[in-house]
Structure formats: C-alpha cells, structure tokens
Amino acid sequence: MNPDRRDRLRDAAIGVLARDGGRGLTHRAVDQAAEVPSGTTKNYFPTRDAVLRAVAERCLEQYLALTEQLAAGPGPADREGLVALFRSLLENVAGPGRARLLAVLELQAEATRRPWLSGILDPMASGDFAGFELAQRAAGLPVTPQRAAVVTLALHAAVPHLLTDGPGTLAAAGLDDPDRFVRDLLDTVYPPDATTRAHATRPAATT
C-alpha cells in the first residue's frame with residue numbers, strides 16, 4: 001500500500017476524531033476529509049478498531065517527533081528558560097497541537113473500553129514524566145521525583161481546560177495567563193528562596 005496515502009488517511013482521521021469525536025470517526029468521514037475515493041480508508045483500515053489504532057499510532061509518531069525536536073535544542077539553562085519551555089507547550093495546546101491533543105483525549109476515553117489502546121498511548125504520558133523531570137533538573141531546580149511529577153501532572157491537567165476554553169475555569173485555574181500559571185506552579189513546587197538556598201549550599205566543583 002502507498003505509505004504517503006496511508007499517512008494522509010491517518011492525518012485525516014486525527015482531524016475527524018478531533019472535530020467529530022469517537023462517534024463521528026467513520027470510514028466515510030475519513031475518506032471525505034482526506035479527499036480520496038469512497039472505500040479507500042476501509043481498504044487500508046478494514047475495521048473501526050483498525051482506524052483507532054492507526055490514529056493512536058500516528059499521534060504517538062507526532063509526539064515522538066516533537067519530543068525529539070525539543071531534545072535536539074539546548075534545553076532550559078535556568079528557571080526562566082523552564083518557564084519559557086512550559087509556557088510554549090501550553091500555548092501549543094490551542095495552536096498547532098490542538099487537533100492531536102483533542103484526538104488523544106478521545107482515544108483515552110476509547111481506551112477505557114479498549115485496553116489495547118492504552119499500550120499505544122502510554123509512552124506519551126510516561127515520556128512527559130521523564131522528559132519534564134529532565135528539564136527541571138537542567139534548569140537547576142532542587143528536583144525530587146515527587147516534585148517533578150507534581151509539575152507534570154499539573155501541566156497535563158491544564159490541557160483539557162485549555163482545549164475546552166471555558167473562561168470561568170481558565171480564570172479560576174490561572175490558565176487565562178499561561179505565563180503566570182507556569183510561574184505560580186514552579187513557585188509553589190520550588191519556592192524561589194528554597195531554590196536559592198539549594199544553589200548556595202551546593203558543593204563547589206573540584207578540578
């Protein structure tokens with residue numbers, strides 16, 4: 001089968017799932033979104049489960065490509081750099097990442113009834129816990145696994161609220177200002193005074 005057409009169908013399926021939800025994810029809807037002849041999607045992905053698997057695998061590929069791109073950069077050298085990184089990730093939710101993240105939320109709901117989907121989706125969440133912890137360490141914060149996990153969980157919890165864009169909820173959570181949200185989160189988990197003391201008491205490097 002044509003790999004380019006396969007990717008075109010998978011990308012179209014992400015858009016359909018993000019736009020119409022699980023009930024709207026049909027072979028016909030994907031054919032129309034991809035602008036391909038009727039029956040093309042069914043030829044590549046014969047069942048609905050096959051379509052769901054294709055979408056999940058494509059979302060995972062896009063996630064891995066994004067994390068690889070971030071890993072190739074210099075990374076946050078300090079607290080301000082970490083603020084900029086996390087703020088950009090939150091801003092991406094309402095921007096280029098919106099369709100993929102909406103699709104992932106739909107897939108997570110499907111995974112409660114189709115456990116095999118969890119195995120495909122799990123590397124995305126677990127990858128964030130590992131990657132965000134590394135970012136916090138790179139920024140020089142006094143990291144523990146528990147503190148790093150709290151930051152990651154808070155960022156994950158922000159995603160559905162940013163996607164639904166309810167003004168009252170965003171204001172209540174501080175997400176109407178992503179920069180302030182990230183700063184308040186880091187200040188709560190890593191109080192600046194404690195961070196400063198950690199740096200001050202860190203042994204000097206020897207040569």
Side-chain angles (χ1 to χ4, degrees), residues 4 6-36 41 45 48 51-73 82-112 114 117-118 120-129 131-132 135 151-185:
D4 291 337
R6 183 173 182 272
D7 284 347
R8 181 177 178 180
L9 291 171
R10 294 195 298 165
D11 289 339
I14 288 175
V16 171
L17 188 58
R19 184 190 68 214
D20 300 331
R23 291 187 177 183
L25 185 65
T26 64
H27 290 100
R28 179 177 296 180
V30 177
D31 285 341
Q32 292 175 345
E35 299 181 339
V36 297
T41 301
F45 311 110
R48 186 171 182 277
V51 177
L52 287 170
R53 178 180 293 276
V55 174
E57 290 173 346
R58 187 58 162 170
C59 286
L60 177 59
E61 288 174 12
Q62 292 177 351
Y63 168 83
L64 293 174
L66 177 61
T67 55
E68 184 177 343
Q69 179 183 348
L70 291 173
L82 188 64
V83 169
L85 172 62
F86 287 161
R87 181 183 65 240
S88 70
L89 292 176
L90 292 180
E91 290 171 346
N92 183 64
V93 173
R98 180 175 175 80
R100 178 179 65 83
L101 291 167
L102 280 169
V104 168
L105 288 181
E106 293 288 344
L107 290 169
Q108 288 173 334
E110 292 280 353
T112 64
R114 294 171 171 82
L117 266 176
S118 296
I120 303 173
L121 300 174
D122 188 57
M124 285 187 270
S126 60
D128 276 353
F129 280 95
F132 291 178
V151 172
T152 303
L153 286 168
L155 293 172
H156 278 194
V159 170
H161 297 309
L162 290 168
L163 289 171
T164 52
D165 200 26
T169 302
L170 293 180
L175 287 165
D176 51 342
D177 184 342
D179 185 84
R180 185 187 67 202
F181 174 84
V182 172
R183 291 180 185 279
D184 288 348
L185 171 61

Would you compute the distance between atom [atom1] of [X] and atom [atom2] of [Y] and round it to the nearest 0.5 angstrom?
| X | Y | atom1 | atom2 | answer |
| --- | --- | --- | --- | --- |
| Tyr63 | Leu101 | OH | CG | 11.0 Å |
| Asp165 | Asp176 | CG | CG | 10.5 Å |
| Phe45 | Arg6 | CZ | CZ | 5.0 Å |
| Asp128 | His156 | CG | NE2 | 3.5 Å |
| Leu90 | His161 | CG | NE2 | 12.0 Å |
| Asn92 | Arg87 | CG | CZ | 13.0 Å |

Exercise for the section: Count the heavy atoms of every other residue, nucleotide or ligand shown that sit under 6.0 Å from CZ of Arg28, and state whether that count exceeds 12. Expected result: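 Counting neighbours around CZ of Arg28, 12 or fewer heavy atoms of other residues, nucleotides or ligands fall under 6.0 Å, so no.
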Any heavy-atom pair between the side chains of [Y] and [X] that's under 4.5 Å?
| X | Y | value |
| --- | --- | --- |
| Val55 | Leu107 | yes |
| Leu66 | Arg100 | yes |
| Phe132 | Val151 | no |
| Val104 | Val159 | no |
| Leu155 | Leu89 | no |
| Arg183 | Asp177 | no |
| Leu25 | Asp20 | no |

Practice task
Evaluate the side chain to side chain contact (heavy atoms under 4.5 Å, CB included) criterion for residues Leu17 and Leu102: first the C-alpha distance (whole Å), next the side-chain angles of each, then the deciding distance (0.1 Å), finally the verdict.
Solution key: CA-CA 8 Å; Leu17 188 58; Leu102 280 169; over 6 Å; no
Handout entry: Charged N-O contact under 4.0 Å between Asp4 and Arg8
Key =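 The answer is no: the pair does not qualify as a salt bridge.
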Exercise for the section: Decide, yes or no, whether a salt bridge links Arg10 with Asp7 under the criterion of side-chain N to carboxylate O below 4.0 Å. Expected result: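 Salt bridge present between Arg10 and Asp7.
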What pair of heavy atoms forms the shortest contact from [X] to [Y], and how long is it?
| X | Y | result |
| --- | --- | --- |
| Leu117 | Leu52 | CD2-O, 4.1 Å |
| Cys59 | Ala103 | SG-CB, 4.2 Å |
| Leu175 | Ala158 | CD2-CB, 3.7 Å |
| Leu163 | Leu105 | CD1-CD1, 3.3 Å |
| Ala29 | Gly24 | CB-O, 3.5 Å |

Handout entry: Step-by-step side chain to side chain contact (heavy atoms under 4.5 Å, CB included) determination, Glu110 to Arg48
Key = CA-CA 12 Å; Glu110 292 280 353; Arg48 186 171 182 277; 3.0 Å; yes
